[in-house]
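Contents: one structure, followed by commentary.
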Amino acid sequence: MRACLLTPPHPAFDVLVPGAAPVAVDDSPDVVLVAGDPAAAPVEVLADVTAAVERGAVLVCLGVPEGEGWAAITGVHPGEFVPGGEVFATVAARTPATARITGEFPVAGTFRWLEPATDVATLLTSSIRFAHRPALVQRRLGAGRVVTCGFGADAVVHGSSGNDELVRVLRRLVDGAGAADRTDLGVGVVGYGPYGGMGSLHGTAAADTDGLALVSVVDPADERRKAAEDEFPGVTTHEALDSMLADDAVDIVVIATPPNSHADLALACLRAGKHVAVEKPLCITTDEADLLLRTAAEGDRMLTVHQNRRWDADFRALRRAVDTGLLGEVFNVETFVGGFEHPCRAWHSELSVSGGAIYDWGSHHLDWILLLLGGEPATVTTTRHKRVWHDITNDDQVRVRLAWADGREAEFLQSDIAGVRRPKLYVQGTEGTIAGHYRPVVTETVEHVHGYRRHESHHAEAPVELTLARYEQGYGLTQTTLPPLPAEPWPFHRNLADHLHLGEALEVDPADVRQVIGVLEAAQRSGDEGGRTIDLEPAG
């Protein structure tokens, strides 16, 4: 993409057109970006901008440039200025550019509403003094388009979740999202499971996500196919995979079966020309992962993994703290899950099906660790215990230690024999430490006839509050509580639709997950070999 920035260099250029080659306005750019107010632009520049747009370029104005010459191009005049703060943007029209965008979201930054001077399409509004004012508009000009945003350039480079939504809309407009396909993509689920299980989750997510629709379910059990038909009237159910793969209405297959079946099922779906999303873990071995990635690439099919805990509210808060530098350079990450109670007696606890205890919660926690520390560790060492629960084949406790070549380190501990729980998250950096502790999740009710009832949910399902302790020279330690970030509605499924409809990047890149599988495989091998340290070889 060739882009022109009319105003002085500004980070918004790289935010909205990353990797674009900068060119002059009279050199046929694909995008012209105004990140400020070039009110003094000479007539010749205005003529060049108009000519570029009429030839097919997209003009994006962050803030409203003043003057009649600019009004003739943008089709709007600047309204009243609202000083920097927080203003809510509301989706005014559902278009491909605003598909799957939160209906209303806060934007931090300066704002000036727009006063249309000619016909424009209003995509976002903002409620100012109890009146909805145009905040983002678009108009056609010759073969090109003009996008004018009432939020200034500071809103585009601000890092809050609401500002990220604004950036998502603007990027889509830059990329020409107006021509996107609006047909729903058919989703098929393999392994529906019982009422309220993963099949129900994926079906509900597809129903709630614009651009997706649950159309098919595979499960060998009669009662589970019946559950799918009851929960999603009109869905087609199959006893075996082959009949689903023959159905052209199925575009995406979600594999929600036990881990030891993931590789074979995903391979069959990819070879049948389907896009594939797999429940974690992607597979058991790196050889399987490499075959799946290669098959997906050769067939130009999407392959991703439902690493759903990347969107856990507490992990998102932790990742935000790390990304914004609150901890300085992170050098140690420790995570824990468990307690002292009998493990589940389903397939999760059977080594031959689950791959081992490490593959269950470790698929999440080791993914977290690699995201926080970046890169692949140099070594993996696992110690494990089998001392209490002898009716299952998974270990009672596994401890995985990772070490990087530069000295950074991490540890994941999963235990069903830990009477006192360790912190869920403990992260050290050169400027501070974050810790988050599990809390009991108990629901108490008093019911007619039955009286007092108490239900305790799984401790790992509730997000934890994080305590951030930072050292300030000459003052000492300060402590801050970081609450979990607000939950997003079906973020994984929204990204599937964004990727396949609009070409946006996958949030869960299978190449990253292949790295997780490499660590899981090495951790299992280390435990099998009595805790021997395994040296990891870089993927590829």
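Residue indices begin at 1 and follow the sequence shown.
- In summary, the aromatic rings of H275 and H499 are positioned with their centroids too far apart to meet the 6.0 Å limit.
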- [ ] Tell me, with the steps shown, if E465 and T481 meet side-chain hydrogen bond (donor to acceptor under 3.5 Å, both in side chains).
- [x] CA-CA 7 Å; E465 280 195 342; T481 298; 4.9 Å; no
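- Looking only at atom types and distance, the side chain of Q307 has no donor-acceptor partner in the side chain of S363 under 3.5 Å away.
- Within the 4.5 Å cutoff, the side chain of R172 has heavy atoms near those of the I101 side chain.
- Looking at S200 and E231, their side chains do bring a donor and an acceptor atom within 3.5 Å of each other.
- There is no side-chain donor-acceptor pair under 3.5 Å between E68 and W70.
- Looking at D175 and L502, their side chains never come closer than 4.5 Å, going by heavy atoms from C-beta outward.
- Test V190, T257, L282, L267 against H262 for side chain to side chain contact (heavy atoms under 4.5 Å, CB included) and you get one pass: T257.
- A155 approaches V107 most closely through the heavy-atom pair CB-CG1, 3.7 Å.
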Open item on the list: Pair T118, R139 - check side chain to side chain contact (heavy atoms under 4.5 Å, CB included), show working.
Closed with: CA-CA 9 Å; T118 187; R139 70 177 293 234; 4.0 Å; yes
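- The closest side-chain heavy-atom distance from R271 to T295 is below 4.5 Å.
- Shortest non-hydrogen contact noted between D210 and A99 is OD2-CB, 3.7 Å.
- The aromatic rings of W361 and H365 sit perpendicular to each other, their planes meeting at more than 60°, with 30° as the lower class boundary.
- With contacts defined as side-chain heavy-atom distances shorter than 4.5 Å, the pair L62/F151 does not qualify.
- A donor atom on one side chain and an acceptor atom on the other are not found under 3.5 Å apart for Y192 and E229.
- Within 6.0 Å of CZ on R310 lie more than 12 heavy atoms contributed by other residues, nucleotides or ligands.
- A donor atom on one side chain and an acceptor atom on the other are not found under 3.5 Å apart for T430 and E329.
- Closest approach of P78 to E66, counting heavy atoms only: CG-CG, 3.8 Å.
- A salt bridge does not link K280 to D367: none of the charged side-chain nitrogens sits closer than 4.0 Å to a carboxylate oxygen.
- Electrostatic pairing of E54 and R140 does not count as a salt bridge here, judged by no charged N lying under 4.0 Å from a carboxylate O.
- Judged by distance alone, the side chains of D247 and S216 never bring a donor and an acceptor atom under 3.5 Å apart.
- In summary, E488 and R316 engage in a salt bridge, as defined by a charged side-chain N under 4.0 Å from a carboxylate O.
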